[in-house]
Amino acid sequence: MNILDTIQRALASAGLDPQAGPMKGVTDTIGKALASAGVGPRAATTTERASVIEVVAGEAVRQDDDGDQPKADASPAHPGEFFSRAYSNPAGTRSYKLYVPARLAAGQVDAAPMVVMLHGCTQSPDDFAAGTRMNDLADRHGFVVVYPEQSANANGSRCWNWFQPGDQARDAGEPSLIAGITREVASQYNIDEDRIFVAGLSAGAAMAIILGATYPDLYAAVGAHSGLPFGAAHDMASAFGAMNGAGAGPGTPTRARSTASGRGGRRFMPTIVFHGDRDHTVNVRNG
């Protein structure tokens, strides 16, 4: 039994998350100390890794124009409103955070765009807001940002379940929850229904692609960073194969077929893709 695993389980049983917030720094320090003593973590076996589909999002440090590193703060210099909500339908319940820029809250923006941001594994809406600085951009350009949150009960590493058939269809599973959140916010604010977008990172990118394929009538375009094609997997084994690049690549047929016509009856989805060519977690062929 790995010593660090035991410590992390003890922290988790006490209600502390060893992979986020202050406790992550504590567990990282313990891990380095154990490694220095020659009793560090061993590599996980294939069986252990298969317990959860890890499409993990790393932390990016961005520099301001003057070269200084900004504070990891989800709030811009002139913040609007950033608050928590929850949405439920027959598929379950998901919390989400909503950022409304000050200009929209003051009635200075007509028909604002909206961006739905899907975090990666082990992340939270606050992590994603801080890392992407989307709230700052929202205040600058006058759009609403929505951050749906994956539940730990649905996936132990808070990954969106992009590889499960029940979460790859319209009006079912996690796509229905995210689409429901999108519609709820759009109905409560002055949102331009022709400028609602969905974007994601890692597992969130894979889910964003699913939403683009299954809700082309709701989303105008998709952004995917380090994601996978729609229908790339149907269980854990095929998910690991897809992440390793099996079956992916230009010209490879996919199961990407929209189940509803988009605006004007079109059945394609404008998509922008970012993918590192040295990505060792999700092979670049998926891009």
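Atom set for the values below is all heavy atoms of this structure, side chains included, hydrogens, waters and symmetry mates excluded. One is the number of the first residue; the rest follow in order along the sequence.
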Are any of the side-chain heavy atoms of Met114 and Val145 separated by less than 4.5 Å?
no
Residues 237-244, side-chain donor-acceptor partners within the protein, below 3.5 Å, at least two apart:
from	atom 1	to	atom 2	distance (Å)
Ser238	OG	His234	N	2.8
Ser238	OG	Asp235	N	3.0
Ser238	OG	Asp235	O	3.1
Ser238	OG	Asp235	OD1	2.7
Asn244	ND2	Phe240	O	3.1

If hydrophobic residues (ILVMFWY) are linked whenever their side-chain heavy atoms come closer than 4.5 Å, directly or via other members, who joins Ile272 in its cluster?
Phe274
Are the side chain of Ser157 and the backbone of Cys159 linked by a donor-acceptor contact shorter than 3.5 Å?
no
For residues 110-121, pull every pair meeting salt bridge (charged side-chain N to carboxylate O under 4.0 Å, His left out), keeping only residues two or more places apart or in separate chains.
none
Using the side chain to side chain contact (heavy atoms under 4.5 Å, CB included) rule, take Val116 and Phe197 through it: C-alpha gap first, then chi angles, then the decisive distance, then the call.
CA-CA 6 Å; Val116 179; Phe197 309 95; over 6 Å; no
Residues 141-161 vs ring pair (Phe, Tyr, Trp, His ring centres under 6.0 Å), sequence neighbours excluded, gives Phe82-Tyr147, His119-Trp160
When every non-hydrogen atom of Ser84 is compared with those of Lys97, the smallest separation belongs to OG-CE, 3.6 Å
In Å, rounded to the nearest 0.5 Å, how long is the span from CG of Asp217 to CD of Glu193?
10.5 Å
Locate the shortest heavy-atom distance separating Pro113 from Gly142; write the atom from each residue and the value.
CD-O, 3.7 Å
Value rounded to 0.5 Å, distance of CZ in Phe83 from OH in Tyr99
11.0 Å
Going by the rule side-chain hydrogen bond (donor to acceptor under 3.5 Å, both in side chains), which residues pair with Asn161 if we only count those two or more places apart in sequence or in a different chain?
Asn155, Glu174
Closest contact, heavy atoms only, Ala169 versus Pro175
O-CB, 3.6 Å
Excluding sequence neighbours, so at least two apart, what forms side-chain hydrogen bond (donor to acceptor under 3.5 Å, both in side chains) with Asn190?
none
Taking Cys121's backbone N and O only, do any of them form a donor-acceptor pair with Arg158's side chain (distance below 3.5 Å, no angle check)?
no
Evaluate the side-chain proximity of Met117 to Met134: yes if any heavy-atom separation is below 4.5 Å, no if none is.
yes
Got a second to check how far Ser95's OG is from Glu149's CD, nearest 0.5 Å?
5.5 Å
Residues Asp139 and Arg103 bridged, charged N to O under 4.0 Å:
no
Residue pair Val115, Val144: steps toward the side chain to side chain contact (heavy atoms under 4.5 Å, CB included) verdict
CA-CA 6 Å; Val115 181; Val144 170; over 6 Å; no
State which residues pass side chain to side chain contact (heavy atoms under 4.5 Å, CB included) with Asp279; sequence neighbours excluded, sorted by chain then number.
Ser226, His275, Thr281, Val282
Review item, side-chain donor-acceptor pairs of residues 178-186, under 3.5 Å, at least two apart:
from	atom 1	to	atom 2	distance (Å)
Thr182	OG1	Ile178	O	2.8
Thr182	OG1	Tyr219	OH	2.7
Glu184	OE1	Tyr96	OH	2.5

Report the residues that fulfil side chain to side chain contact (heavy atoms under 4.5 Å, CB included) with Ala208, sequence neighbours left out, ordered by chain and then residue number.
Leu118, Val198, Val222
Set of residues satisfying salt bridge (Lys or Arg N to Asp or Glu O under 4.0 Å) with respect to Asp192, sequence neighbours excluded:
Arg195
Using the rule that two of Ile, Leu, Val, Met, Phe, Trp, Tyr join whenever any of their side-chain heavy atoms come within less than 4.5 Å, decide whether Phe128 and Leu137 are in one cluster.
yes
Could you please spell out the steps behind the side chain to side chain contact (heavy atoms under 4.5 Å, CB included) verdict for Asn89 and Leu177?
CA-CA 7 Å; Asn89 71 12; Leu177 287 163; 3.2 Å; yes
Could you tell me whether the side chain of Gln168 and the main chain of Ala233 form a donor-acceptor pair under 3.5 Å?
yes
Between Pro229 and Asn286, the two heavy atoms sitting closest are CD-OD1, 3.4 Å
Looking at residues at least two apart in the chain, or sitting in another chain, which of them share a side-chain hydrogen bond (donor to acceptor under 3.5 Å, both in side chains) with Thr93?
Ser88
Shared ILVMFWY cluster between Val284 and Trp162, side chains joined below 4.5 angstrom?
no
If two hydrophobic side chains count as joined below 4.5 Å and joins carry through other members, does Tyr189 share a cluster with Tyr87?
yes
Once rounded to the nearest 0.5 Å, what's the spacing between atom OG1 of Thr122 and atom CD of Gln150?
12.5 Å
Apply side-chain hydrogen bond (donor to acceptor under 3.5 Å, both in side chains) to Arg140 and list each qualifying residue two or more places apart in sequence or on a separate chain.
none
Would you say Tyr215 and Asp171 are linked by a side-chain donor-acceptor pair, where the criterion is simply a distance under 3.5 Å?
yes
Heavy-atom closest contact (Ile210 atom, Asp167 atom, distance):
CD1-O, 3.7 Å
